[in-house]
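Right, one structure below, let's go through it.
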Amino acid sequence: MKFLKWLDSLTGRTGGKEPESLPSDMKKFLITGLGNIGPDYVGTRHNAGFMAADELVDSCDGKWESCRYGDMARIRVKNCELMVLKPSTFMNLSGVAIRYWMNKEKLPLENLLVIVDDIALPFGAVRLRTGGADAGHNGLKNIADQLGTQNYSRLRFGVGNDFPRGGQIDYVLGHFTDEQQKSLPERLKIAADAVKAFCLSGPAFAMTNYNNK
């Protein structure tokens, strides 16, 4: 409970007020939720990254705007500016948008966090890692190809794997069950809080406090 109160004090809503002028020690991060654009993909498991990005931006009263290669919301969490990106490149070319914005903003690799769905995790589980293989995920594969490395942080959101052999594509492009929909908002909030903790206190802190929730 004390930890949650501490986090709330650091990540409170802006209440619609104009942001203060940015201090010189402001840290900037690119937070990218992976997904596919278009009405056919809204609410699908493969768009869990988009959903977590929406929750993150909503929790800070942020607003989305069209930008190069996607939609972006710039939100502030204490001394951190979070550039939250939902690429419009479709999942398999996610790395194109990420490379563009990393280069444009001159961000170091450690200031990138990618939010992605994961069938290897049970529904709603959150796991943060600072590197690793793509595990067959085409979005992660393209990011590694574009950046030339797999050593970037990713927040994996579990969507489960309750599908028959050969049914993976239909499963990830399908919707969460009615039962999962009930607890989805709570799980997405935990994912959003993990992102804030990553930016404010670093990956080790975020992993310790969120990877087993």
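Every heavy atom of this structure was used, including side-chain atoms; hydrogens, water molecules and symmetry mates were not.
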Over 12 foreign heavy atoms within 6.0 Å of NZ, K28
yes

Indicate, with yes or no, if M51 and L121 share a hydrophobic cluster defined by side-chain heavy-atom contacts under 4.5 Å among Ile, Leu, Val, Met, Phe, Trp and Tyr.
no

Non-hydrogen atoms of T130 and M207 that approach each other most closely
CG2-CE, 4.3 Å

Let me check something: do V57 and V114 share a hydrophobic cluster, defined by ILVMFWY side-chain heavy atoms less than 4.5 Å apart, either directly or through other members?
no

Closest contact, heavy atoms only, W64 versus V84
CZ3-O, 3.2 Å

Backbone N or O of T177 within a donor-acceptor pair of the Q180 side chain at under 3.5 Å?
yes

Check: M102 and L30 side chains under 4.5 Å, non-hydrogen atoms
yes

Atom CZ of R74 and atom CZ of R76: how far apart are they, to the nearest 0.5 Å?
14.0 Å

Taking the six-membered ring of F157, is NZ or CZ of R187 closer than 6.0 Å to its centre and within 45° of its axis?
no

Between F176 and F123, is the ring centre distance below 6.0 Å?
yes

For G33 against P87, the heavy-atom pair lying closest together:
O-CD, 3.2 Å

Flag side-chain contact, heavy atom, 4.5 Å: Q150 against D134:
yes

Under the side-chain contact (heavy atoms from CB on, under 4.5 Å) criterion, do V77 and C199 qualify, and how do the steps go?
CA-CA 8 Å; V77 181; C199 297; over 6 Å; no

Side-chain heavy-atom pair L155, V116 within 4.5 angstrom cut-off
no

In the structure I gave you, are the side-chain heavy atoms of V96 and Y69 within less than 4.5 Å of one another anywhere?
yes

Nearest 0.5 angstrom please: N111 CG to L82 CG, how far?
10.0 Å

Is the number of heavy atoms from other residues, nucleotides or ligands under 6.0 Å of D162 CG greater than 12?
no

If you count the non-hydrogen atoms of other residues, nucleotides and ligands that lie under 6.0 Å from CG in D178, is the total more than 12?
no

Nearest 0.5 Å, please: how far is CG in D117 from OG1 in T44?
8.0 Å

CG (N142) and CG (N92) are apart, to the nearest 0.5 Å, by 7.5 Å

So, K27 and E81, do they make that salt bridge, N to O below 4.0 Å?
no

Are S59 and K196 close enough that a side-chain donor and a side-chain acceptor fall under 3.5 Å?
yes

With clusters defined by side-chain heavy atoms of hydrophobic residues (ILVMFWY) lying less than 4.5 Å apart, directly or transitively, does L112 cluster with I115?
no

Out of the candidates N47, D54, D71, only one should pair with K86 under the side-chain hydrogen bond (donor to acceptor under 3.5 Å, both in side chains) rule; please name it.
D54

Do C67 and L85 come close enough that some side-chain heavy atom pair is under 4.5 Å?
yes

Between M83 and K104, does a side-chain contact (heavy atoms from CB on, under 4.5 Å) hold up when you go through it step by step?
CA-CA 12 Å; M83 301 167 51; K104 179 177 175 58; over 6 Å; no

Does the side chain of W101 come within less than 4.5 Å of M72's, by heavy atoms?
yes

Rounded at 0.5 Å granularity, tell me how far CG in N151 sits from CD in E110.
11.0 Å

Looking at D193 and K189, is there a salt bridge between them, counting it only when a charged N and a carboxylate O are closer than 4.0 Å?
yes

Does a side-chain N-to-carboxylate-O contact under 4.0 Å join D118 and R156?
yes

Verify the cluster assignment for M91 and L173: are they in a single hydrophobic cluster under the rule of side-chain heavy atoms below 4.5 Å apart?
no

Rounded to the nearest 0.5 Å, what separation is found between the CG atom of L34 and the CZ atom of F50?
7.5 Å

So, do S94 and T32 sit near enough that their side-chain heavy atoms are less than 4.5 Å apart?
no

Taking the side chain as every heavy atom from C-beta outward, state whether Y152 and L140 have any atom pair closer than 4.5 Å.
yes

Quick check, are the ring centers of H46 and H137 under 6.0 angstrom apart?
yes

